[in-house]
Amino acid sequence: MPNPIPTISPVIEHQGVSVPTFLYGTAWKENATEQLVALALESGFLGIDTANQRRHYFEEGVGEAVGRALASGKLQRTGLFLQSKFTYVSSQDHRLPYDPQASYAVQVEQSLQSSLVHLHTEYLDSYLLHGPASGRGLTPADWEAWGAMENLQEAGRVRLIGVSNFSLEQLQLLLKNADIKPAFVQNRCFARMGWDAEIRALCRAHGIIYQGFSLLTANLTALGRREMREIAERHGCTVEQAVFRFALQLGMIPLTGTADPQHMIEDLAVYRLELADEEIELIKHIAF
C-alpha cells in the first residue's frame, strides 16, 4: 500500500523562510559531530540546530558535514535550514568565539561571523539568543544583544531571530519592548509543565514557532507509563515516535539529537503517523 499523504508538512513557510518542522540537534556530540550531522543529512533532515558554544557544541564539525553535503550537490544551501546561537560568557568555557571585553553588540557580531565561517555559509536562517543573562527579567545585556541581533536580521545576515531557554516572564517582556519580535522560542520541554503550555500559548498568540528539545530525556518517567506503550502499540511505532508525532500535532518543532542512524530514519517516519485527538489529550496530561 502507498504511504499516506502527511497531514503535517516536513517544511513550512514562516515569515518568508522555509523552515523544516523537525530539526537535528547537535549538542554534546564532540568529535562525533561531523559524522552524525552527515548521517542526519543523509537520512533526510533538512534543519540543523547548533550553537557557537564550544562547551556543549562543536560547530566546526557541523560545518564540515554541511560543507561536504553542499559540495557533493546532494543538497542546496537554499534547501538547508541552519540555526545557531549567541551564548554569553557565563555559559561558555575558555574557547570563546568573541572578545569578552568587547560590548555585547560586538560580541554578537563576532560570534555570528565565527559561526558563518564554521558553517561555510554567508547567512544563517535562524539565530537565537542562547538564554538570557539572568534568571529573572531581562538585563541591559539582553537588550543590547537583542538589538544587535535585530540589526543582523535587518542587514540580511540572519533571516530570522529568536530566543532559547526563556521563561514566560522574560518572553512577555521581550514581546512588549522589542522592535523585532522573535520568530522562534526554543525551550527544554517538560511533560510535568504541560509541555511548556503557557509559553506555547503565548507563542501561538504572537505567531511564534515553538521549538522543543529534550522531549525524551526530560520526561523519562512520564513516557515510561503504560498508556504511552499502549499508544505506540496501537500505531505500530515506538514511544519515541509517538512523542515526536505528538509534538508535531501540537504545532511545535521537535528536536532530536539521536546518535543512532536507525532512530534518525524512525524519527522522520513520524510524518506518516497520525494520533487521535484523545491520544493527544492523554499525552498532554501524561505527567499528572
Side-chain angles (χ1 to χ4, degrees), residues 3-27 29 33 36-51 57 59 62-63 65-70 72-85 115 119-128 153 158-164 182-189 200 203-204 207-216 240-241 243-261 263-274:
N3 291 328
I5 298 173
T7 58
I8 296 174
S9 176
V11 179
I12 59 173
E13 290 293 315
H14 186 50
Q15 298 184 21
V17 177
S18 294
V19 181
T21 51
F22 208 150
L23 300 180
Y24 185 72
T26 60
K29 303 291 188 288
T33 300
L36 291 173
V37 172
L39 283 170
L41 294 173
E42 290 169 8
S43 299
F45 281 92
L46 299 174
I48 304 296
D49 172 84
T50 187
Y57 294 80
E59 194 176 59
V62 174
V66 167
R68 287 209 321 273
L70 295 176
S72 73
K74 295 178 182 177
L75 276 177
Q76 300 297 315
R77 177 64 185 90
T78 54
L80 183 61
F81 181 88
L82 293 178
Q83 174 171 275
S84 191
K85 309 178 189 78
S115 288
L119 297 171
H120 305 284
T121 185
E122 296 180 352
Y123 66 94
L124 290 181
D125 299 282
S126 173
Y127 197 39
L128 306 184
Q153 179 172 329
V158 300
R159 301 190 70 191
L160 297 173
I161 55 177
V163 296
S164 180
F184 302 105
V185 171
Q186 183 190 104
N187 276 358
R188 179 174 283 108
C189 195
R200 286 191 296 104
C203 287
R204 280 196 305 275
I208 300 167
I209 292 181
Y210 180 94
Q211 300 177 5
F213 69 92
S214 295
L215 290 165
L216 305 180
E240 291 82 2
Q241 287 176 303
V243 172
F244 288 137
R245 180 65 200 192
F246 162 77
L248 287 172
Q249 287 185 226
L250 281 191
M252 75 169 78
I253 291 179
L255 278 76
T256 180
T258 182
D260 186 318
H263 289 169
M264 292 180 187
I265 294 170
E266 291 174 355
D267 290 347
L268 290 175
V270 300
Y271 289 105
R272 299 193 295 271
L273 296 175
E274 185 79 30

For the residue pair E13 / S18, report whether a side-chain donor-acceptor contact shorter than 3.5 Å exists. yes
dist D260:CG -> I265:CD1 (nearest 0.5 Å) comes out at 9.0 Å
Check: D49/Q186 side-chain N/O donor and acceptor closer than 3.5 Å: yes
To the nearest 0.5 Å, how far apart are CG in L248 and CD in E274? 10.0 Å
Taken to the nearest 0.5 Å, the spacing of T26 OG1 from I48 CD1 works out to 7.5 Å
Determine the minimum heavy-atom distance between L41 and A65, stating which atoms define it. CD1-O, 4.1 Å
Nearest-0.5 Å distance, CG of residue L215 to CG of residue L255: 8.0 Å
Among F213, F246, F244, which residue satisfies the side chain to side chain contact (heavy atoms under 4.5 Å, CB included) criterion with P254? F244
If we count only N and O atoms by modelled type, under 3.5 Å, do the side chains of Y271 and T21 hold a donor and an acceptor together? yes
Note, L128 side chain near I161 side chain (heavy atom, < 4.5 Å): no
Stepwise side chain to side chain contact (heavy atoms under 4.5 Å, CB included) test for L36 and M264: CA-CA 10 Å; L36 291 173; M264 292 180 187; 4.3 Å; yes
Using atom types as modelled and distance alone, determine if a side-chain donor or acceptor of K74 lies under 3.5 Å from a backbone N or O of S72. no
Hey, are the side chains of Y123 and R77 touching, using non-hydrogen atoms and a 4.5 Å cut-off? yes
With distance as the sole criterion, is a donor-acceptor pair present between the side chains of R159 and S126 under 3.5 Å? no
With a 4.5 Å heavy-atom cut-off, do R200 and L250 have their side chains touching? yes
T50, L75, L80 screened by side chain to side chain contact (heavy atoms under 4.5 Å, CB included) with V66, the one that passes: L80
Heavy-atom check, side chain of D267 versus side chain of F22, under 4.5 Å: yes
Taking the side chain as every heavy atom from C-beta outward, state whether V243 and L216 have any atom pair closer than 4.5 Å. yes
Check for a donor-acceptor pair, side chain of K85 on one end and backbone N or O of S164 on the other, with a separation under 3.5 Å. no
Could you tell me whether the side chain of L23 reaches within less than 4.5 Å of the side chain of Q211, counting heavy atoms only? yes
If I take atom CE from residue M252 and atom CG from residue N187, how far apart are they, to the nearest 0.5 angstrom? 10.0 Å
Begin with the C-alpha distance, continue with both residues' side-chain angles, and end with the deciding distance and a verdict on side-chain hydrogen bond (donor to acceptor under 3.5 Å, both in side chains) for E59 and S115. CA-CA 7 Å; E59 194 176 59; S115 288; 3.0 Å; yes
Would you mind reporting whether Q83 and L124 have side-chain heavy atoms less than 4.5 Å apart? no
Between S84 and A51, the two heavy atoms sitting closest are OG-CA, 3.4 Å
Do R245 and Q241 come close enough that some side-chain heavy atom pair is under 4.5 Å? no
Quick one: pull up OH in Y127 and CD in Q153 and give me the separation to the nearest 0.5 Å. 13.0 Å
To check you understand the geometry: which heavy-atom pair defines the closest contact between K29 and G257, and what is its length? NZ-O, 2.9 Å
Just by modelled atom types, is the A183 backbone N or O under 3.5 Å from a matching donor or acceptor in the H14 side chain? yes
